[in-house]
Student: 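Below you will find the structure I want to go over with you.
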Amino acid sequence: MLTRIFLMCCAMALTQPVMAAQESGNTHLIEMEGAKLESGQLAYRMVSHKIRNSSGSVQDITDRYSSEPTIPGPTIIMTEGDVAEITLKHAIKDASDPVSLHVHGVHFPIESDGTMKVFNHLADQAAFPGKSYTYKWTAAPGTAGTWPYHDHAFGDPMLGAEDKGLYGTLIVNPKSGKVAALIDGQMKQVDIKDIKREFVLWMHETTFWGMELNHLANRQIPLWTNPTLGAREGELVRFHVVGIGTAFHTFHLHGHRWLQPGTSHVVDTVNISPIAREVFVLKAGEGVGTGEWHYHCHVLQHMQSGMMGGFRVVK
């Protein structure tokens, strides 16, 4: 009984920020589905993404996403003050197991936790074949950052199938529109709108899984496994390195250094544990020019298994 009262209080406490955010930010109206790839792996697909601003105008940005399911899943970009209503559909062939969305970092009512009744003691918060489920997320002030979302229901026990590919990225940009970076050897605040490309790299066991956010073309480009990344010399590029699974990693990028988030430390190697993130902005080719710059996991066994890729900087 005490547990039920506590959960109800949490849900009520999180209702107010949702309403406040709707008055000041955008509302993201999203439809996604869980699906199965030909390889047998599971993945999320973006079906529709529309953004309604505070005056009621609606922009459809669905064409920015791949039309196919991808690993990692679609990268959802919000700004502090925004809210999202995400309807998830079950489209996993030959499977009746529920599929869900569980997000980190942002606020949500307890009904949007994405877990099953056997664990949350409230209700099944997942999509079943023929029955969708809607989640509500609030990017409240203070939630800026890069956050994972993943399944928390598929399989037996009903704990989720992120190890099979059901995971993706939520980026919440600060309301200020600026982020710290090391540019020309100096700590600076750069405008997010000046960042030309973003690379999302998930470190999963012995493989990198990637997604490029190309802001020049307004497209998300699936990069799949251990990809070669590309940028023009001098472009501002933001990396999002995320851990998933059970392994611990050490991410290293040759030829470039960056400002470790929240500090004044300049680094080129960082530890990445499961669900940990390292997000940084750099100027492509700064101090080294054009060339092929290696990135890899510095754990020897992972590197020997092929956990590496390239960062190609061209004129």
Side-chain angles (χ1 to χ4, degrees), residues 61 63-66 70-77 145-146 168-174 177-204 207-243 249-261 265-270 272 277-298 303 306-315:
I61 64 169
D63 60 0
R64 297 182 185 181
Y65 298 90
S66 170
T70 62
I71 303 174
T75 300
I76 300 170
I77 302 175
T146 298
T169 316
L170 168 66
I171 298 173
V172 178
N173 286 320
K178 294 180 179 292
V179 290
L182 183 72
I183 305 296
D184 299 325
Q186 302 292 321
M187 292 175 56
K188 296 182 179 180
Q189 292 287 319
V190 300
D191 289 330
I192 292 173
K193 63 181 177 58
D194 292 332
I195 296 173
K196 304 303 181 185
R197 308 171 198 271
E198 302 188 59
F199 298 113
V200 180
L201 292 173
W202 285 78
M203 302 182 79
H204 183 211
T207 305
F208 284 100
W209 291 81
M211 179 76 74
E212 177 181 348
L213 313 181
N214 188 312
H215 298 308
L216 296 169
N218 275 332
R219 291 285 297 170
Q220 292 194 18
I221 304 168
L223 301 177
W224 300 105
T225 58
N226 300 323
T228 296
L229 316 175
R232 294 190 178 278
E233 185 179 12
E235 284 184 338
L236 292 184
V237 178
R238 181 159 61 163
F239 281 74
H240 308 258
V241 184
V242 191
H249 304 281
T250 303
F251 176 80
H252 176 52
L253 173 62
H254 289 208
H256 296 77
R257 300 187 300 166
W258 62 87
L259 192 65
Q260 194 165 32
H265 301 154
V266 178
V267 298
D268 66 3
T269 306
V270 292
I272 301 290
R277 289 90 58 207
E278 181 81 1
V279 182
F280 56 91
V281 177
L282 54 79
K283 181 188 286 189
E286 181 181 332
V288 292
T290 59
E292 296 271 354
W293 307 105
H294 196 47
Y295 70 86
H296 59 92
C297 179
H298 237 308
M303 193 162 32
M307 197 172 193
M308 61 185 73
F311 179 37
R312 180 179 297 153
V313 179
V314 301
K315 282 290 187 184

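No experiment lies behind these values; they were computed from the predicted model shown. This chain uses plain numbering: 1 for the first residue, then up along the sequence.
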Student: Taking R238 for the side chain and F280 for the main chain, is one N or O donor matched with an acceptor at less than 3.5 Å?
Tutor: no
Student: With a 4.5 Å limit on heavy-atom distance, are the side chains of K315 and E233 in contact?
Tutor: yes
Student: Roughly how far apart are K178 NZ and N173 CG, rounded to 0.5 Å?
Tutor: 13.0 Å
Student: Is a donor on one side and an acceptor on the other found under 3.5 Å between the side chain of E235 and the backbone of R197?
Tutor: no
Student: Determine whether I171 and E198 satisfy the following criterion, side chain to side chain contact (heavy atoms under 4.5 Å, CB included), listing intermediate values before the conclusion.
Tutor: CA-CA 11 Å; I171 298 173; E198 302 188 59; 4.0 Å; yes
Student: Side chain of H252, backbone of D268: donor and acceptor closer than 3.5 Å?
Tutor: yes
Student: Any side-chain heavy atom of W202 within less than 4.5 Å of one from F208?
Tutor: no
Student: Closest heavy-atom contact between A180 and L259?
Tutor: CB-CD2, 4.1 Å
Student: So, H296 versus H254, ring centres under 6.0 angstrom or not?
Tutor: yes
Student: What pair of heavy atoms forms the shortest contact from G168 to P72, and how long is it?
Tutor: CA-CB, 4.4 Å
Student: Can you list the steps and then say if L236 with D191 is a side chain to side chain contact (heavy atoms under 4.5 Å, CB included)?
Tutor: CA-CA 10 Å; L236 292 184; D191 289 330; over 6 Å; no
Student: Check L201 against P227 and note the closest heavy-atom contact, atom names and distance.
Tutor: CD2-CG, 4.2 Å
Student: Go through the steps to decide whether M303 and M308 satisfy the test side chain to side chain contact (heavy atoms under 4.5 Å, CB included), and finish with yes or no.
Tutor: CA-CA 6 Å; M303 193 162 32; M308 61 185 73; 3.4 Å; yes
Student: Out of curiosity, H240 NE2 to T146 OG1, how far, rounded to the nearest 0.5 Å?
Tutor: 4.5 Å
Student: Working to the nearest 0.5 Å, report the span between NE2 of H256 and CH2 of W293.
Tutor: 7.0 Å
Student: Quick check, are the ring centers of Y295 and F239 under 6.0 angstrom apart?
Tutor: no
Student: Is any side-chain heavy atom of V179 closer than 4.5 Å to one of P261?
Tutor: no
Student: What heavy-atom pair brings W258 and L253 nearest, and what distance separates the two atoms?
Tutor: CZ3-CB, 3.9 Å
Student: Not counting sequence neighbours, which residues clear side-chain hydrogen bond (donor to acceptor under 3.5 Å, both in side chains) with H249? List them please.
Tutor: H302
Student: Can you establish whether the number of heavy atoms outside R64 located under 6.0 Å from its atom CZ is more than 12?
Tutor: yes
Student: Decide if atom CZ of R312 counts as having more than 12 heavy atoms of other residues, nucleotides or ligands within a radius under 6.0 Å.
Tutor: no
Student: Taking the side chain as everything from C-beta on, heavy atoms only, tell me whether I272 gets closer than 4.5 Å to C297.
Tutor: no
Student: Is it true that a side-chain atom of N226 and a backbone atom of G306 form a donor plus acceptor pair closer than 3.5 Å?
Tutor: yes
Student: Determine whether F251 and E278 make a side-chain contact, defined as any pair of heavy atoms from C-beta on separated by less than 4.5 Å.
Tutor: no
Student: Working to the nearest 0.5 Å, report the span between NE2 of H294 and CZ of F311.
Tutor: 14.5 Å
Student: N214 and L216: which non-hydrogen atoms are nearest, and at how many Å?
Tutor: OD1-N, 3.0 Å
Student: Apply the side chain to side chain contact (heavy atoms under 4.5 Å, CB included) test between T169 and each candidate in I76, T75, I77; give the one that qualifies.
Tutor: T75
Student: Picking from L213, L229, V241, what satisfies side chain to side chain contact (heavy atoms under 4.5 Å, CB included) with F199?
Tutor: L229
Student: Say you draw a straight line from CD1 of I221 to OG1 of T70; how long is it, rounded to the nearest 0.5 Å?
Tutor: 12.0 Å
Student: To the nearest 0.5 angstrom, please state how far the OG1 atom of T207 sits from the CE atom of M307.
Tutor: 6.5 Å
Student: Without placing hydrogens or testing angles, list every side-chain donor-acceptor pair under 3.5 Å for residues 281-289, not counting sequence neighbours.
Tutor:
residue	atom	partner	partner atom	Å
K283	NZ	D184	OD1	2.9
K283	NZ	D184	OD2	3.3
E286	OE1	D184	N	3.1
E286	OE2	D184	N	2.9
E286	OE2	G185	N	3.0

